[in-house]
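What follows is a single structure, written as structure tokens, with notes after it.
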Amino acid sequence: MKDALPQTIYLKDYKVSPFEIEKTELVFDLGEHHTRVTTTLSLLRNTLSDEQNADLVLHGSKGLDLQSVSVDGQPLEEDTYNCDSESLTIPGLADRAVVTTEVLIKPQDNTTMMGLYRSRTMYCTQCEAEGFRDITYYLDRPDVMSEFTTKVIADKAQYPVLLSNGNAIERGQLDGGRHFVTWHDPFKKPAYLFALVAGTLSCVEDSFTTMSGRQVALQIFVEEKDLDKCDHGMLSLKHSMRWDEEAYGREYDLDIFMIVAVDDFNMGAMENKGLNIFNTSAVLANPKTTTDASFQRVEAIVAHEYFHNWSGNRVTCRDWFQLSLKEGFTVYRDSQFSADMNSATVKRIEDVSYLRTHQFAEDGGPMSHPVQPDAYMEINNFYTLTVYEKGAEIVGMIRTLLGPDTFRKGSDLYFDRHDGQAVTIEEFVKAMEDTSGRDLTQFRRWYKQSGTPQLAVSSRYDAADRTVTLDFAQSCPATPGQPQKQPFVIPVKLGLVGESGDLPLNSNGDTDIVYEVSQTHQQLVIENIDEAPVPSLLREFSAPVKLDYAYSKDQLIHLMANDSDGFNRWDAGQKLGFELLEKLTADSHQQRPLQMDSQLIEAYKSLLTDASLDPAMVALMLQLPSEAQLHEEATLIHAEAIHSARLFVRQALADALREQFLAVYQRHNIEQDYAPDASQIGRRSLKNTALGYLMLVDQMGVELASKQFAGADNMTDKAAALSCLVNCPAAAQQAKTALQQFEQQYRDEALVMNLWLQIQASNSQSGALERVEALENHPAFSLSNPNKIRSLIGGFCNGNLVNFNNPDGSGYEFLKQRILTLHSRNPQVAARLMTPLTRWKKFPEPNSSQMREALQVIADEQGLVKDIYEIAIKSLQ
Ligand code: TRP
Ligand code: ZN
């Protein structure tokens with residue numbers, strides 16, 4: 001535990017800052033033993049504050065070694081201010097004052113990856129959410145916005161490149177081989193958007209001409225060895241800049257936009273003004289070392305951070321309870337962008353699978369919280385799937401309700417009205433209301449109520465009246481702190497699928513309508529329907545709810561083949577697979593014999609033999625619901641039974657459809673040069689899905705995989721083949737050799753070695769934990785690199801559910817120990833590792849008690865950081 005019990009921060013306690021900071025001048029003197037930060041703040045009292053005599057209380061942290069404080073140039077005596085481990089308090093300031101502080105910090109010892117720290121040979125920063133206070137004393141809150149000037153001084157030989165936000169306005173030589181660069185950012189910004197980088201970096205340069213004809217210099221800084229991995233990031237950046245002009249009318253504002261790639265980073269990337277800092281895994285890409293999935297992830301993250309320049313930076317958050325204002329909106333924007341750049345349906349299916357598997361699990365667990373939370377202990381724990389992904393779904397629902405044109409006008413109004421301001425989610429909704437004239441009062445509940453709503457639907461066809469009657473009932477389970485819920489506004493996009501396709505729903509001939517369910521119970525009658533149709537509900541997944549409709553198998557098969565909505569075609573297949581798996585899981589748990597469903601085989605067969613279908617869609621439809629998804633949907637998780645049932649169905653499909661899988665594999669074995677475009681990605685995805693099934697049949701699969709592994713000219717095929725071999729009981733020897741060859745070939749490519757670790761960590765055959773523990777001693781692993789922790793430890797705990805949840809408790813014991821090792825070194829990474837343990841209530845004995853005990857031991861640990869404490873106590877309740 002901390003010195004005192006961690007405090008809870010409440011939204012209702014928000015008050016404006018008593019002081020504003022007009023200008024911020026920073027001088028960083030980067031030295032071998034310490035870094036000296038001199039901060040000059042031009043302060044004035046905030047006329048909006050009701051505390052006109054308040055002391056100045058600057059945020060700080062333990063690591064700041066205060067050297068001096070002065071006010072208007074006069075050094076302060078030590079007894080005229082107060083300094084503790086969290087703040088620096090200066091009483092009695094005039095309405096305007098210039099406060100200068102000087103602190104020493106030790107970035108070289110900073111393992112938290114917040115504030116100023118070292119990643120390999122370079123210095124870099126991460127300030128969101130509250131890392132700036134680890135650099136200097138400041139009003140570290142997003143509603144305090146200031147104009148920054150930053151001078152960086154360092155040894156010229158070791159740190160030739162010195163970067164900060166905005167434009168470089170001066171540079172020069174200093175004595176002792178040192179040099180400096182001064183940067184000025186003309187846009188007022190909160191401290192969380194500050195960034196600094198120093199190191200030996202190579203740069204790839206390009207330029208972009210904005211819609212108004214301005215030239216913007218684009219630079220990606222990397223270590224020299226990675227210069228061959230920047231093209232895709234640069235292209236993604238240019239596509240993003242153009243797209244934001246076209247789709248949202250947003251033009252870039254500075255004359256320069258920089259991206260820096262760093263190896264040690266807690267998250268994907270950070271949108272610092274004009275100087276984005278990226279995890280290497282989120283920007284570097286090259287066909288030889290990068291999979292298709294990573295190419296697409298790079299494109300999406302580059303876009304996400306770029307889009308923040310408007311949704312986050314130009315218009316920022318008033319306080320951290322508003323985090324989804326920037327994150328939900330920006331995720332929504334980047335998913336629209338990816339949909340436009342690739343296949344919209346494929347993107348939607350991927351997003352929804354992710355949401356349903358992970359966000360639904362979060363929303364149904366002990367950490368469940370509203371998209372706009374009303375309390376937190378540690379803000380870093382609220383960079384969640386709920387704030388990001390569910391937040392994005394809410395924005396999408398607003399667009400569905402208002403229509404695309406009105407939505408665009410609403411976003412224009414929002415950006416115009418609030419440019420340069422720090423605002424709340426309310427302001428975003430208000431702009432949408434003002435544009436559309438629509439009352440969104442009830443809709444706002446999406447931001448305030450946690451939990452995943454359930455929507456039960458039934459339908460009746462009356463042949464005499466020629467009507468279809470749909471009955472809707474919505475409910476939402478109790479979540480922590482919210483026993484009762486009010487009804488939501490649920491936009492249900494729907495259609496009726498007849499014998500030969502979609503039926504017209506009205507006199508306009510529309511085959512799609514958006515029906516709004518806003519009451520607990522509601523009825524919709526559709527007239528002039530000549531046949532008994534199958535309802536296609538929640539098309540494109542128009543609302544983040546759990547839909548419950550008692551489809552028969554025949555109806556699902558009909559939707560799979562005939563629904564005009566691609567998302568629902570896929571979803572029908574998922575439901576079919578899910579129902580079978582649910583039954584077989586129960587059978588397996590009860591040790592009853594398992595029996596395959598011939599209708600599923602037939603449905604898969606049609607998918608495999610219809611060459612007119614989009615390969616990417618077929619690949620998605622051939623994937624059964626994942627184990628993680630089955631865990632989410634289970635009332636009580638029998639991990640072993642889920643695993644066996646799923647394997648049984650895969651085996652049965654492979655046995656029955658060997659010829660078809662082989663034909664598909666051969667048809668999509670691409671001869672062209674590699675390109676990470678939607679069409680090739682779809683074909684590779686289908687081919688490798690087929691290979692996965694073929695591995696289960698006979699030695700032929702092993703041979704195909706070995707051949708693919710040896711011959712692949714791209715990492716997608718190489719890694720897929722490796723993964724197939726590693727997971728195949730009949731390929732033990734081939735897998736061993738392939739792993740060794742892979743290691744030989746890529747030992748100097750950190751990101752590729754992470755994939756190597758992850759593939760092994762997720763090998764579901766027995767003995768997994770021993771393999772993972774052995775790999776912890778491999779030079780490719782390190783507990784000080786978050787990507788490696790995510791690959792190996794995360795790969796095991798989240799990607800190898802059957803072994804992690806071994807009823808002997810060894811998986812939980814392992815994870816508990818790693819969390820205890822890591823928590824003070826890197827609280828954010830350790831906190832994210834907690835997730836699997838928080839799900840203990842969904843497990844049967846003995847797992848449940850074992851997980852609970854592991855959490856209890858963690859909660860009882862001395863000196864626990866508040867990140868971990870908050871999750872431990874909330875999930876023990
Ligand atoms: N704002 C970042 C984003 O684009 C999130 C982020 C990056 C972050 N690094 C962080 C949040 C460190 C907290 C701590 O989504
Ligand atoms: Zn973001």
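Small disclaimer: the values here were computed from a predicted structure and weren't measured. Just so you know, ligand 1 is whichever comes first in the structure, and atom 1 is the first atom listed for that ligand.
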**Request:** Taking only heavy atoms of Tyr388 into account, list the atoms of ligand 1 that are under 4.0 Å away from them.
**Result:** 2 (C), 3 (C), 5 (C), 15 (O)
**Message:** I'd like the name of whichever of His304, Met267, Glu327, Glu130 reaches closest to atom 10 (C) of ligand 1 through any heavy atom.
**Reply:** Met267
**Message:** At less than 4.0 angstrom from any non-hydrogen atom of Glu271, what atoms of ligand 1 do you find?
**Reply:** 1 (N), 2 (C), 3 (C), 4 (O)
**Which atom of His308 approaches the Zn ion (ligand 2) most closely (N/O/S)** = NE2
**Message:** I'd like to check whether Glu128 has a polar contact with ligand 1, where a contact means an N/O of the residue lying under 3.5 Å from an N/O of the ligand.
**Reply:** yes
**Fill in**
In ligand 1, the atoms that come under 4.0 Å of a heavy atom of Lys326 are 1 (N)
**Thr121 backbone acceptor or donor facing Arg118 side chain under 3.5 Å** = yes
**Request:** Find all atoms of ligand 1 within a distance of less than 4.0 Å from any non-hydrogen atom belonging to Ala269, and give their numbers and elements.
**Result:** 2 (C), 3 (C), 4 (O), 5 (C), 6 (C), 7 (C)
**Asked** Hey, is Arg318 close enough to Glu427 for a salt bridge, meaning N to O under 4.0 Å?
**Response** no
**Fill in**
In terms of heavy-atom contacts, Ala431 and Gly410 come closest through CB-O, 3.8 Å
**Those atoms of ligand 1 less than 4.0 Å from some heavy atom in Met270** = 1 (N), 2 (C), 7 (C)
**Prompt:** Looking at NZ of Lys430 and NE2 of His418, how far apart are the two atoms once the value is rounded to the nearest 0.5 Å?
**Reply:** 9.0 Å
**Complete:** Here the atoms of ligand 1 under 4.0 Å from any heavy atom belonging to Glu305 are 3 (C), 4 (O)
**Cationic N near anionic O, under 4.0 Å, Arg250 to Asp412** = yes
**Request:** Would you sort out whether Glu86 and Arg133 count as a salt bridge (charged side-chain N to carboxylate O under 4.0 Å, His left out), showing the intermediate values?
**Result:** CA-CA 9 Å; Glu86 287 181 349; Arg133 64 188 64 182; over 6 Å; no
**Prompt:** With a cut-off of 2.8 Å, does any N, O or S atom of Glu327 fall short of it relative to the Zn ion (ligand 2)?
**Reply:** yes
**Request:** Would you please classify the geometry between the Phe443 ring and the Tyr447 ring as parallel, tilted or perpendicular, with 30° and 60° separating the classes?
**Result:** perpendicular
